[in-house]
Q: 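One structure follows; several queries about it will come next.
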Number of protein chains: 2
Amino acid sequence: VARIALDASGGDFAPAQPVAGALEAVQNLPANCEIVLVGSRSEIEAELAKHGRQPDRISIVDAPEKIGMDEKPLAAVRSKRKSSIVTGLQLHRQGEVDAFISAGNTGAVMAASTLLLGLHDGVERPAIGTVLPSMKEEILLLDAGANVDCSPRELMGFAQLGAVYVRDVFERPDPVVGLLNIGEESEKGNAAAKEAYALLKTTTHFTFAGNIEGSDILVGRCDVVVCDGFVGNIVLKLIESVARTFDGMFRTALDASIVDSEAMKEVFHFLDYSSYGGAPLLGVQGVTIICHGRSSSRAIASALRVALRAVNVHLSDHIHDEFVEDGAVA
Amino acid sequence: VARIALDASGGDFAPAQPVAGALEAVQNLPANCEIVLVGSRSEIEAELAKHGRQPDRISIVDAPEKIGMDEKPLAAVRSKRKSSIVTGLQLHRQGEVDAFISAGNTGAVMAASTLLLGLHDGVERPAIGTVLPSMKEEILLLDAGANVDCSPRELMGFAQLGAVYVRDVFERPDPVVGLLNIGEESEKGNAAAKEAYALLKTTTHFTFAGNIEGSDILVGRCDVVVCDGFVGNIVLKLIESVARTFDGMFRTALDASIVDSEAMKEVFHFLDYSSYGGAPLLGVQGVTIICHGRSSSRAIASALRVALRAVNVHLSDHIHDEFVEDGAVA
């Protein structure tokens, strides 16, 4: 049995969207999968009552405290032991559940995951991997905002984490990793990128495609795009904004019948983050999936599927193996 | 009389597109504007012959050597004194022309501009400003790739350069400057961004909007977006690739009649860099405009208009004034 804890108090639309997402997901998940809603029991029960049912495979763990989206992460995690985030990750630490999903305060989810689950040996810093669309298949970009000012060794670590994730969750046996840079040549880039290039080109764990540029991301040249969290976060938010920008322009320029056509919807679906199922926090001992604060029930359901897959394929064990295999990365 | 030197040997489509761009521009430029084509005289004459005419206000200065797109900039500038880039910038230095435009080797144009024109007092490093589309008006992002690993003071300098440019060339008297970052709060970001925020918030030279995020760029929240050249170059190339990506998807999803409609063309025109007229190299004593290597004649003509405007409004003098006014920036 795989048990997945879902933060029912996290995100801008909690508890409505997380609860709806759980109900949506549970119908299509295999019979051996259970969802544990973590949050205010009374609020969750009221929300389930609106849907008029509580399916068998959904249970509740009461966590009355809430961590706000703008609270200082570390202070909140330390003081609010009965918050949905701390409670859910304690369940994971104790082996009561196999994964934790939250659309709540990203910093708090990261801090609590690191404190309670711990990092795998050899992992210097955990990274947020974000799934992006490309002209070929979906790709993973990391780090998407957990770490700024990264060292070359940390960038190398992100590449390893991303390669294992893509192999396990995207089911691509030979992941191709690219280093996001401002030119293809090895001597291009800032100090960290240049040294990271030198580390990456010696690896035998995955195929290193060398430096890739901003124009290569959406083309899908690589399965994994590695960058520091400052660059990654800016890229991620820029790409998210493109769909909104285009939608506005098309509504001004074109007839509504075209804008709302199925064909057009398909194009915009391409850029819709809700179909990509949350961002894994990679490097922790366990499975933590971070969802966008504005996640819809559909995005939550998608994250539940991704978490289940990560549990079933033993992602965390494989990350452990990747980092112990050769001791140090350099 | 304003005289603008145009590199006729620079770029992937030289001399055809630069020469065609000059012919296109000269018809619409004011009578007191002259264009000097710098490059192989025989090649330029052959190209002009194809068009069957050499208008009055276009002259040629012979520069038989060529700097390739992939040559090491500094070495090329030092060894090829008769290249179009070195020759054109020497004309500018000597006051024979008032501006220089090139679609050639960007690094070589930067190096030769810095060596031959020199930087204004108080400018630590020159920056490439790139004009980007936004939902409101066009905006300037800098640095777009001239400098990686920038200090807080350099970022502050970019903000000053950008504000003067927007005031002069975009004709916006009160430019709003934003610092590209991963969150709005002052404590967000990498070390350089945090310190740059502290410097920027004390300025009285322009309106500082604080930190902006990747999602704010295309919205047009600011007239000037400040970042280091590593981030800026990745953002620029990503945005350029969006139009190509969408065009491909629309051609697959929609009828050709819709994709090729005027309304649709208008939307794509929004993201077409060729209409934005080249990237100014800011901080040098003079006017240097760098064009994309793949510039069409239309992009070249657009750059000629921008260069003329920069000359006529005395952009370089205003940058001088901005940096001497209060001595140091900090």
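Predicted, not measured: the structure shown is a model, and the values here were computed from it. Here is how names work: the chains are called A, B, and so on, in the same order as the sequence lines, proteins then strands, and each is numbered from 1.
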Q: Under 4.5 Å, counting heavy-atom pairs only, tell me which of A:I182, A:D228, A:D70, A:N233 racks up the most with chain B.
A: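 The candidate making the most pairs under 4.5 Å is A:I182.
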Q: Could you state the interatomic distance from CZ (A:F230) to CG (A:D143), rounded to the nearest 0.5 Å?
A: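 Here the interatomic distance stands at 12.5 Å.
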Q: If we count only N and O atoms by modelled type, under 3.5 Å, do the side chains of A:N190 and A:K194 hold a donor and an acceptor together?
A: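 Side chains of A:N190 and A:K194: no pair found under 3.5 Å.
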Q: Rounded at 0.5 Å granularity, tell me how far CG in B:L281 sits from CD1 in B:I128.
A: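 So the CG of B:L281 and the CD1 of B:I128 are separated by 6.0 Å.
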Q: Where does A:A192 contact chain B at under 4.5 Å (heavy atoms): side chain, backbone, both or neither?
A: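 A:A192 has no heavy atom closer than 4.5 Å to chain B.
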Q: Relative to chain A, which of B:L236, B:D149, B:V219 shows the most heavy atom pairs under 4.5 Å?
A: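 Ranked by contacts with chain A, first place is B:D149.
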Q: Checking heavy atoms, do the side chain of A:N181, its backbone, both or neither come under 4.5 Å from chain B?
A: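 Both backbone and side chain of A:N181 come within 4.5 Å of chain B.
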Q: Examine whether an atom of A:E187 lies under 4.5 Å from a heavy atom of chain B, and if so say whether it belongs to the side chain, the backbone or both; otherwise answer neither.
A: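 For A:E187, the contact with chain B is made by the side chain alone.
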Q: Between A:G189, A:G183, A:G145, who has the most heavy-atom pairs with chain B when the cutoff is under 4.5 Å?
A: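 Highest number of heavy-atom pairs under 4.5 Å: A:G189.
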Q: Got a second to check how far B:T130's OG1 is from B:E138's CD, nearest 0.5 Å?
A: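 Result: 10.5 Å between the selected atoms.
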Q: Below 4.5 Å, heavy-atom pairs only: which of B:L238, B:V148, B:I217 has the largest tally toward chain A?
A: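 The option with the most such pairs is B:L238.
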Q: Identify whether the distance between the nearest side-chain nitrogen and carboxylate oxygen of A:R153 and A:E195 falls below 4.0 Å.
A: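 No salt bridge links A:R153 with A:E195.
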Q: Check A:E184 with A:R221, please: is the shortest side-chain N to carboxylate O separation under 4.0 Å?
A: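 Yes, A:R221 and A:E184 are salt-bridged.
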Q: Using only heavy-atom distances, determine whether the side chains of A:S241 and B:S215 contain a donor-acceptor pair under 3.5 Å.
A: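 No, no side-chain donor-acceptor contact under 3.5 Å.
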Q: Counting heavy-atom pairs under 4.5 Å to chain A, which of B:K188, B:E213, B:E185 comes out on top?
A: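 Of B:K188, B:E213, B:E185, B:E213 has the most heavy-atom pairs under 4.5 Å with chain A.
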Q: What residue, out of B:L180, B:N147, B:V231, has the most heavy-atom pairs lying under 4.5 Å from chain A?
A: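 Heavy-atom pair counts peak at B:L180.
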